[in-house]
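Below, each value reflects all heavy atoms present in this structure, side chains not excepted, and no hydrogens, waters or symmetry copies.
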Amino acid sequence: MVLGERTRSKEDIEEDIGKLGEWVLKQPHLPHFVQKDILSSFVVGTKSLEIAKQKLEAYFTWRGRLPNIFSFSARDGTDPYFKQCSRAGQLFFLPKATPKGYRVMFMACKFTDILAKLFDHDQTTAAIFMSLELAMHLWPDMEALYVVIDMETFSLGHVTMLSINTLQASIRCFLESMPVRFKGATAFNAGYFINILFNNAMKPFMSEKFLERINITTDGKDSLQNVIPFELLPSNYGGNEKSSSELFGDWFKLLEENRDWFKSTSSLFSDESKRPTDRKHTFGIEGTFRKLNID
């Protein structure tokens, strides 16, 4: 099986999925009924079975410590409050992968005077992780992730609407637990204050290699030309796809249609009372978090 920059046989992947499933069953503090597509994402998205184990354990642990983001009450796409908060921005994956096989998550702030009042940072963060997990579910062989953020309508006044605790926790959660190869992010149309926020609230938790892949610019969509073929972008950004509003609508429909899947996976988290004593300080509540190396 050829995956962009890596070559692995289907047999090797299936063997590691089986081994990862067997390992989970031996961990008293981890959920034992884990769907194969989740196991597959952790095998495909990491360099080795040992890293897959570390990421999967962190994945379950973080889900337990952030119920405001991972409980089903925050992950029900049919819930009226979820729908209302989602109007403050457009969040979706581009329909087609890049020539290298990267999947692109696209986010566009829609902070008009009216829509900004609908913004809920915790709920938005829940939607982001839902989209990441749905991408893993839909494309378990996803080669890598690239993130695009249009910040044109995000002003200095909107910074006060952010929760620094949620922002930092979500960064740590992504770095520690998500089995996706992060290939980069571009935040364009960004005000000068975004760099200040980034340097003070986010940068301390990131490795140098991760930081090198993040581009925050005041430039417009042309800043994407060296990382994403323009034809893959929404039509209102110069591409050949549907408009961002239509793509957001299509993606949101997928979130709704997968309601039962989100409900079933929301119960997947570690039981800290059953964690072996000698592992209490690995990913537990009282544990410390380290900067991770990025592939």
Side-chain angles (χ1 to χ4, degrees), residues 16-46 51-83 85-86 91 93 120-140 142 165-166 169-180 251-277 279-280 282-287 289:
D16 280 351
I17 291 172
K19 290 179 179 178
L20 185 60
E22 292 173 2
W23 173 82
V24 169
L25 291 174
K26 296 177 182 178
Q27 312 309 310
H29 58 299
L30 299 184
H32 289 170
F33 300 100
V34 183
Q35 293 96 326
K36 184 178 179 181
D37 60 333
I38 293 178
L39 297 175
S40 177
S41 294
F42 279 83
V43 169
V44 173
T46 55
I51 295 177
K53 292 177 182 178
Q54 294 172 20
K55 288 265 189 178
L56 187 59
E57 179 162 356
Y59 175 78
F60 291 134
T61 303
W62 271 110
R63 294 170 74 84
R65 62 185 281 135
L66 295 176
N68 54 326
I69 293 173
F70 290 105
S71 65
F72 182 61
S73 60
R75 291 159 58 86
D76 182 357
T78 65
D79 181 76
Y81 186 71
F82 185 98
K83 292 182 178 181
C85 294
S86 297
L91 169 64
F93 270 79
D120 180 321
H121 196 174
D122 282 2
Q123 186 64 77
T124 298
T125 302
I128 290 172
F129 278 101
M130 285 174 67
S131 291
L132 284 170
E133 292 179 3
L134 181 57
M136 290 161 49
H137 178 57
L138 296 175
W139 310 301
M142 180 169 60
N165 288 337
T166 296
S170 61
I171 292 170
R172 289 179 170 183
C173 178
F174 177 82
L175 291 175
E176 291 278 353
S177 70
M178 298 305 290
V180 291
W251 187 257
F252 197 92
K253 185 177 180 180
L254 283 175
L255 295 180
E256 292 181 311
E257 290 174 348
N258 283 274
R259 180 181 186 273
D260 290 343
W261 183 81
F262 284 116
K263 186 175 183 178
S264 66
T265 57
S266 292
S267 62
L268 299 178
F269 53 85
S270 63
D271 183 345
E272 294 302 318
S273 68
K274 297 180 180 180
R275 185 184 293 274
T277 303
R279 301 174 71 178
K280 284 288 184 182
T282 304
F283 291 108
I285 297 299
E286 66 275 37
F289 293 84

Worksheet item: By salt bridge (charged side-chain N to carboxylate O under 4.0 Å, His left out), which residues pair with Lys263, not counting sequence neighbours?
Response: none

Worksheet, complete the sentence: Here the pair of heavy atoms bringing Gln123 nearest to Cys85 is CG-CB, 3.8 Å

Discussion item. Please give me the minimum heavy-atom distance between Phe33 and Leu268, naming the atom from each residue.
Written reply: O-CD2, 3.6 Å

Fill in: Ile171 side chain near Phe174 side chain, heavy-atom distance below 4.5 Å
no

Practice prompt. Could you check Met136, His137, Met130 and say which one makes a side chain to side chain contact (heavy atoms under 4.5 Å, CB included) with Leu134?
Written response: His137

Worksheet item: Between atom OG of Ser86 and atom OH of Tyr81, what is the distance when rounded to the nearest 0.5 Å?
Response: 10.5 Å

Item to complete: Tell me, please, which residues at least two apart from Asp120 pass salt bridge (charged side-chain N to carboxylate O under 4.0 Å, His left out).
Response: none

Worksheet, complete the sentence: Distance col, row Gln54:CD vs Glu176:CD, nearest 0.5 angstrom, shows 9.5 Å

Worksheet item: In Å and rounded to the nearest 0.5 Å, what is the CG to NZ distance from Leu30 to Lys274?
Response: 11.0 Å

Worksheet entry | Arg65 with Glu272: basic N within carboxylate O range, under 4.0 Å | no

Discussion item. I'd like to check Trp261 versus Asp37 (side-chain heavy atoms, cut-off strictly below 4.5 Å). Are they in contact?
Written reply: yes

Worksheet entry | Phe252/Phe82 aromatic ring centres below 6.0 Å | yes

Discussion item. Tell me which pairs pass salt bridge (charged side-chain N to carboxylate O under 4.0 Å, His left out) where either residue lies in residues 73-82, with sequence neighbours left out.
Written reply: Arg75-Glu133, Asp76-Arg259

Discussion item. Donor-acceptor pair, distance only, cut-off 3.5 Å: does the side chain of Ser71 make one with the backbone of Asn68?
Written reply: no

Worksheet, complete the sentence: dist Phe60:CZ -> Gln27:CD (nearest 0.5 Å) comes out at 10.5 Å

Fill in: Min side-chain heavy-atom separation Thr265-Arg63 under 4.5 Å
yes

Discussion item. With rounding to the nearest 0.5 angstrom, report the CG to CD1 distance, Leu56 to Ile51.
Written reply: 13.5 Å

Practice prompt. Please examine the side chains of Phe129 and Ser170, heavy atoms only from C-beta on, and report whether any two atoms are closer than 4.5 Å.
Written response: yes

Worksheet, complete the sentence: Looking only at heavy atoms, the pair that brings Glu57 and Arg275 closest together is OE2-NH1, 2.6 Å

Response to the item:
In this structure, CG of Leu138 is separated from CH2 of Trp251 (nearest 0.5 Å) by 5.5 Å

Worksheet entry | Smallest separation among heavy atoms of Val24 and Pro31, with atom names | CG1-O, 3.1 Å

Worksheet entry | Minimum-distance pair of heavy atoms, taken over all atoms of Ala52 and Thr46 | CB-OG1, 3.4 Å

Practice prompt. Please name the pair of heavy atoms, one in Leu39 and one in Leu20, separated by the smallest distance, quoted to 0.1 Å.
Written response: O-CD2, 3.8 Å

